[in-house]
There are 2 protein chains.
Amino acid sequence: MKISTRGRYGLRAMLDLAVFSRGEHVALNAIAERQNISENYLEQVFSILRKAGLVRSVKGAQGGYTLAMEPAQVTVGMILRALEGELAVVDEENSGEGVESAMLSCLQSNVWDPINASMNQVADSISLQDLVDSFNNINEAPMYYI
Amino acid sequence: MKISTRGRYGLRAMLDLAVFSRGEHVALNAIAERQNISENYLEQVFSILRKAGLVRSVKGAQGGYTLAMEPAQVTVGMILRALEGELAVVDEENSGEGVESAMLSCLQSNVWDPINASMNQVADSISLQDLVDSFNNINEAPMYYI
DNA sequence: AAGTAATCCTATTTATTTAGTATGATTTTA
DNA sequence: TAAAATCATACTAAATAAATAGGATTACTT
């Protein structure tokens, strides 16, 4: 029922990147330090984000990561689905017969599908830019992304 | 990210009870058999449901379980919260300071809270009676609850 | 050209949670 | 009194999650 640390760390790291990178590469150890996350573990998370096309990497000294798209183009849903797989509270396939199977289908279409749809809809309605704006507001420090 | 078997089994068992009990006690082994669930495991699930006030039990031979309320009064949300705890994808408390903490609050209020709210809203909008109706429709066998 | 700072890759370990099993006690009906 | 059921709890096994570790590769800098 809970989103794992991978998803939570990853979303937070993406927000960190959006707030602090200003188009330049940011090394993982900077993010890891700011966010108090194990650098080794963050590497695994960024490997997923990179393969999903959400961040770009530059290897070598002075390398690091940048967002692959504008913050306004990236939704929370895209990030979470990349890290956690389909945003779904249940995904049983069910192709049997009988009472058990009929109830499983009934629950799938009346309960799980609507819950899954609403989660995805909310997650897709929030962009990384929305988070950046909110964060800057909270911090009352509109110094980033001038 | 997934609802555990406890929640899934429990919801299915509640639907089974609503469909098949017609106000009489139903023994766990009947449900376990119909739904293909380990009886021992179902016992644990029903222990939770009983303590949550969702079912009533009668001990001894010819005993069993009945719903504690009318199916129209019980929502999917009530059942799932009883079995799974708060329906929330994240619940970190966070009372620190600094960038890390500010981002955690930002994500909590902009992402997790809205997702949690929408899940609960959907789950609370579906009653057990809705599921019974849908199940009977699917089965085209309006023979229960005459 | 060498050294260094970074990503990249993947194996291993540890901890936690989930799922299921087992057993015996208690209660009530027949 | 026997049988059928809930009740309670302890235990085990499997799966998943979280973190750690270490080396390979790449590219910048001096």
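The chains referred to below are lettered A, B, ... by the order of the sequence lines, with proteins before strands, and numbering in each begins at 1. Values reported hereafter were calculated over all heavy atoms of this structure, with side chains retained and with hydrogens, waters and symmetry mates removed.
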Please output the side-chain donor-acceptor pairs of residues 46-61 of chain B that fall under 3.5 Å, not counting sequence neighbours, one pair per line with the distance.
unit_1  : atom_1 : unit_2  : atom_2 : d
B:Ser47 : OG     : B:Lys51 : NZ     : 3.4

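- OP1 or OP2 of D:dC7 lies within a sub-4.0 Å distance of a side-chain N or O belonging to B:Ser57.
- Phosphate contact (OP1/OP2 of D:dT6, side-chain N/O of B:Arg50, threshold under 4.0 Å): absent.
- Spacing between atom CZ of A:Phe46 and atom C1' of C:dC8 amounts to 14 Å, rounded to whole angstrom units.
- Look at CG on A:Leu49: it is 14 Å from C1' on C:dT7, rounded to the nearest Å.
- Atom pair B:Lys2:NZ and D:dA17:C1' shows a separation of 14 Å (rounding to whole Å applied).
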Reading 5' to 3' through nucleotides 15-30 of chain C, protein heavy-atom contacts under 4.0 Å coded B for base, S for sugar-phosphate only, - for none: ----SBBBB--BBBSS
Residue pair A:Glu100, B:Asn36: steps toward the side-chain hydrogen bond (donor to acceptor under 3.5 Å, both in side chains) verdict: CA-CA 7 Å; A:Glu100 178 194 355; B:Asn36 231 336; 3.2 Å; yes
Verdict with supporting geometry, B:Asp130 and B:Ser127, side-chain hydrogen bond (donor to acceptor under 3.5 Å, both in side chains): CA-CA 5 Å; B:Asp130 294 333; B:Ser127 74; 3.3 Å; yes
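- Atom pair B:Glu39:CD and D:dC7:C1' shows a separation of 12 Å (rounding to whole Å applied).
- You'll find the side chain of B:Met119 reaches within 4.5 Å of the side chain of A:Met1, heavy atoms only.
- The backbone N or O of A:Val122 lies less than 3.5 Å from a partner atom in the side chain of A:Ser125, making a donor-acceptor pair.
- Nucleotide D:dC7 holds its P atom 8 Å from the CG atom of B:Leu28, rounded to whole Å.
- Using a 4.5 Å cut-off on side-chain heavy atoms (C-beta onward), B:Asp124 and B:Val76 make no contact.
- Less than 4.0 Å separates DNA chain C from no heavy atom of any residue of residues 87-96 of chain A.
- Distance, A:His25 NE2 to D:dA27 P: 12 Å, rounded to whole Å.
- B:Ile79 places a side-chain heavy atom less than 4.5 Å from the side chain of B:Val74.
- Proximity of A:Val90 to A:Glu92: side-chain heavy atoms (C-beta onward) are separated by under 4.5 Å at one or more points.
- Counting any heavy atom pair closer than 4.0 Å across all strands shown, A:Tyr65 reaches sugar-phosphate atoms only and no base atom.
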Residues A:Asn94, A:Gln108; criterion side-chain hydrogen bond (donor to acceptor under 3.5 Å, both in side chains); working and verdict: CA-CA 9 Å; A:Asn94 155 47; A:Gln108 189 68 48; over 6 Å; no
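- At whole-Å resolution of the value, CD1 in A:Ile48 and C1' in C:dT10 are 13 Å apart.
- Distances shorter than 4.0 Å separate none of the side-chain N or O atoms of A:Asn29 from OP1 or OP2 on C:dA5.
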